[in-house]
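This report refers to the structure that appears directly beneath it.
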Amino acid sequence: MADALSVIPASVLRNLSDKLYEKRKNAALEVEGIVKQLALSGDHEKISAVIKLLAKEFTYSPQANHRKGGLIGLAAATVGLTSEAAQHLEQIVPPVLNSLSDQDSRVRYYACEALYNIAKVVRGDLIIFFNQIFDALCKLSADSDANVQSAAHLLDRLVKDIVTESDQFSIEEFIPLLRERMNVLNPYVRQFLVGWITVLDSVPDIDMLGFLPDFLDGLFNMLSDSSPEIRQQADSALSEFLQEIKNSPSVDYGRMAEILVQRAASPDEFTRLTAITWINEFVKLGGDQLVPYYADILGAILPCISDKEEKIRVVARETNEELRSIKSDPAETFDVGAILYIARRQLDSEWEATRIEALHWISTLLDRHRAEVRKHLFVIFIYIWMRVCFCIHFLLSSYWSYMHKYLI
């Protein structure tokens, strides 16, 4: 601390915490010049002392003006260091990150501005702090202060540029951070997340498709957002991923199929249509990978055959025919019993079209896998017999009610 006080005049430190922005700005310019001279002389010990002073006595001060001065001072010190700033980032960046969540909106604003100026100097060297920066930006995207939001957007664009040009960015470390935020309902956060997904997917060296199962459900969740803009952005991202799936030789269809099956039963019409469209493509492309999921897929398709929306009915029927045309061996994880169970359950549907297709599936399985189906015939016959008995009972009850009311 003494080393720092010996190189920074007391008047500069005083102005750095002044309530007037112009005085703080002029003091920061003097800090920049002092650090630049220290860097030229190679005195990194004193540089560290200056940074420590700015952090401890200013950015962590209980006084808001001190914190503002500390932030502008740290940014100025980084500019003064220029190409040598990287070796001091462990000292410079944490106090700024801490200020991004300050209770004072003006301090948050200055923190965004300071980190923006630091990022312009160090560029790719800032990547080591990416997860912390992303976390902070995610929160700031929904900040209550419009000026802070605006400053955060500028910083966000710069960080995106840095990430797209960096070869040190770790998608493996980033995905867990993205996944745990995908079901946030705040519209500003949702736009922020979709923006990052889209940007990262555009980088050739980043394999977002390989991690799609980790955030696919979150994207589908956004299709029913109350904001048309968010729905459009999510749909656009999903359309791009589906096109990539069609062109990719290696895709994890299984994990995504589980998500699509759930989304095909969504109360939101557009979500159902998108999910059933994806399932249709998966059935065409997935091949053997989807065999263990045939029963679940059929369970999603059969209700959609009777959907109130014609587009969904058309895609569901096409998918149903595609699925039925696939020849699979029960020895290869093709579970005849599970598919029979789904078909039998859909015989309870209130919709005739779905009940008819369920019967077609029972007939198809009987033709192709008679030996396997025989193991389950007793249960099926009992079920059908119970349904027949129920219908007879209902008709007789109705008949006797009529007779009693009008003829007796």
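Nothing here was measured: the structure is a model prediction, and the numbers come from that model.
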| field | Interatomic spacing from CG in L81 to CD1 in I118 - rounded to 0.5 Å | value | 10.5 Å
| said: Looking at every heavy atom in both R272 and D307, which two are closest together, and how far apart are they? | reply: NE-OD2, 2.8 Å
| query | Is the shortest side-chain N to carboxylate O distance from R355 to E352 below 4.0 Å? | reply | no
| Is T319 reaching over with its side chain to a backbone N or O of V315, donor-acceptor style, under 3.5 angstrom? | yes
| said: Does E172, at its CD atom, have more than 12 non-hydrogen atoms belonging to other residues, nucleotides or ligands within less than 6.0 Å? | reply: yes
| task | To the nearest 0.5 angstrom, please state how far the CG atom of L216 sits from the CG atom of D252. | result | 11.0 Å
| Pairwise side-chain contact, F134 with L193, heavy-atom cut-off 4.5 Å (strictly under) | yes
| request: State whether the side chain of S363 and the backbone N or O of L359 hold a donor-acceptor pair below 3.5 Å, judged by distance alone. | output: no
| request: Give the minimum heavy-atom separation between S141 and Y188, together with the two atoms involved. | output: O-CB, 3.1 Å
| field | Minimum heavy-atom distance L155-C112, with the two atoms named | value | CD2-O, 4.2 Å
| query | Is any side-chain heavy atom of N15 closer than 4.5 Å to a side-chain heavy atom of N26? | reply | no
| message | Evaluate E113 against L154 for side-chain contact (heavy atoms from CB on, under 4.5 Å), listing each step before the verdict. | response | CA-CA 9 Å; E113 185 182 71; L154 287 174; over 6 Å; no
| Intermediate values then yes/no, salt bridge (Lys or Arg N to Asp or Glu O under 4.0 Å), R324 and E357 | CA-CA 11 Å; R324 187 156 39 214; E357 285 307 318; 2.9 Å; yes
| query | Is there side-chain contact between P228 and R231, with at least one heavy-atom pair below 4.5 Å? | reply | yes
| D214 side chain reached by R255 side chain, heavy atoms, under 4.5 Å | yes
| field | Over 12 foreign heavy atoms within 6.0 Å of OH, Y341 | value | no
| field | Minimum-distance pair of heavy atoms, taken over all atoms of E90 and I128 | value | OE2-CD1, 3.8 Å
| said: Please report the interatomic distance CG(L219) to OG(S236), rounded to the nearest 0.5 Å. | reply: 10.5 Å
| message | Would you say that F220 contacts W278 through its side chain, given a criterion of any heavy-atom pair below 4.5 Å between the two side chains? | response | yes
| task | Would you check, one step at a time, whether the test salt bridge (Lys or Arg N to Asp or Glu O under 4.0 Å) holds for K160 with D156? | result | CA-CA 6 Å; K160 282 174 180 168; D156 183 51; 3.1 Å; yes
| field | From CA spacing to verdict: side-chain hydrogen bond (donor to acceptor under 3.5 Å, both in side chains), S224, T271 | value | CA-CA 7 Å; S224 58; T271 303; 4.6 Å; no
| Is there a side-chain contact (heavy atoms from CB on, under 4.5 Å) between L38 and I34 once you walk through the steps? | CA-CA 6 Å; L38 291 173; I34 290 168; 4.2 Å; yes
| field | Separation between CE of M222 and OG of S227, rounded to the nearest 0.5 Å | value | 11.5 Å
| About how many Å separate CZ of R345 and CG of L298, when rounded to the nearest 0.5 Å? | 9.5 Å
| query | Between the side chain of Q63 and the main-chain N/O of N65, is any donor-acceptor distance below 3.5 Å? | reply | no
| said: Set out, in order, the CA-CA distance, both residues' side-chain angles and the distance that settles side-chain contact (heavy atoms from CB on, under 4.5 Å) for F282 and I297, then state yes or no. | reply: CA-CA 10 Å; F282 275 29; I297 291 172; 5.9 Å; no
| task | Ignoring hydrogens and angles, tell me if any N or O in the side chain of S17 forms a donor-acceptor pair with the backbone of R14 under 3.5 Å. | result | yes
| query | Between atom CG of D367 and atom CG of L365, what is the distance when rounded to the nearest 0.5 Å? | reply | 9.0 Å
| query | So, the side chain of S170 versus the backbone of E173: is there a donor-acceptor pair under 3.5 Å, distance only? | reply | yes
| query | Can you check salt bridge (Lys or Arg N to Asp or Glu O under 4.0 Å) on R190 and D225, steps first, answer last? | reply | CA-CA 9 Å; R190 283 184 159 183; D225 194 276; 2.4 Å; yes
| message | Give me the atom names and distance for the closest heavy-atom approach of P95 to T59. | response | CB-OG1, 3.5 Å
| query | Would you say the ring centroid of W196 lies under 6.0 angstrom from that of F130? | reply | yes
| Closest non-hydrogen atom pair, A264 against A275 | N-CB, 3.7 Å
| Main-chain N/O of S48 paired with Q91 side-chain donor or acceptor, under 3.5 Å | yes
| Lys NZ or Arg CZ of R24 over Y21 ring: under 6.0 Å, within 45° | no
| field | K284, NZ atom: more than 12 neighbouring heavy atoms under 6.0 Å | value | yes
| Between R67 (side chain) and F58 (backbone), is there a donor-acceptor pair under 3.5 Å? | no
| said: Quick check: do N117 and T78 have side-chain heavy atoms less than 4.5 Å from each other? | reply: no
| remark: Sequence neighbours excluded, the answer for ring-ring contact (aromatic ring centres under 6.0 Å, His included) partners of F215 is F241
| query | Are N320 and L302 close enough that some pair of their side-chain heavy atoms sits under 4.5 Å apart? | reply | yes
| said: Using modelled atom types and a 3.5 Å cut-off, is there a donor and acceptor pairing between side-chain atoms of S101 and backbone atoms of N98? | reply: yes
| Residue pair V163 / V199, side-chain heavy-atom distance below 4.5 Å | no
| message | Using only atom types and a distance under 3.5 Å, with no angle test, would you say the side chain of S150 pairs donor to acceptor with the backbone of A146? | response | no
| query | How about K246: does its NZ atom have over 12 heavy atoms from other parts shown lying under 6.0 Å from it? | reply | yes
| query | Is it the case that R181 places NZ or CZ above or below the six-membered ring of F192, under 6.0 angstrom from the centre and within 45 degrees of the axis? | reply | no
| query | Would you call D143-K139 a salt bridge at under 4.0 Å N-O? | reply | no
| message | Using the rule given for side-chain contact (heavy atoms from CB on, under 4.5 Å), can you reason through L16 versus L54, listing the C-alpha separation, both sets of side-chain angles and the distance that settles it, and then say yes or no? | response | CA-CA 10 Å; L16 200 59; L54 292 171; 3.4 Å; yes
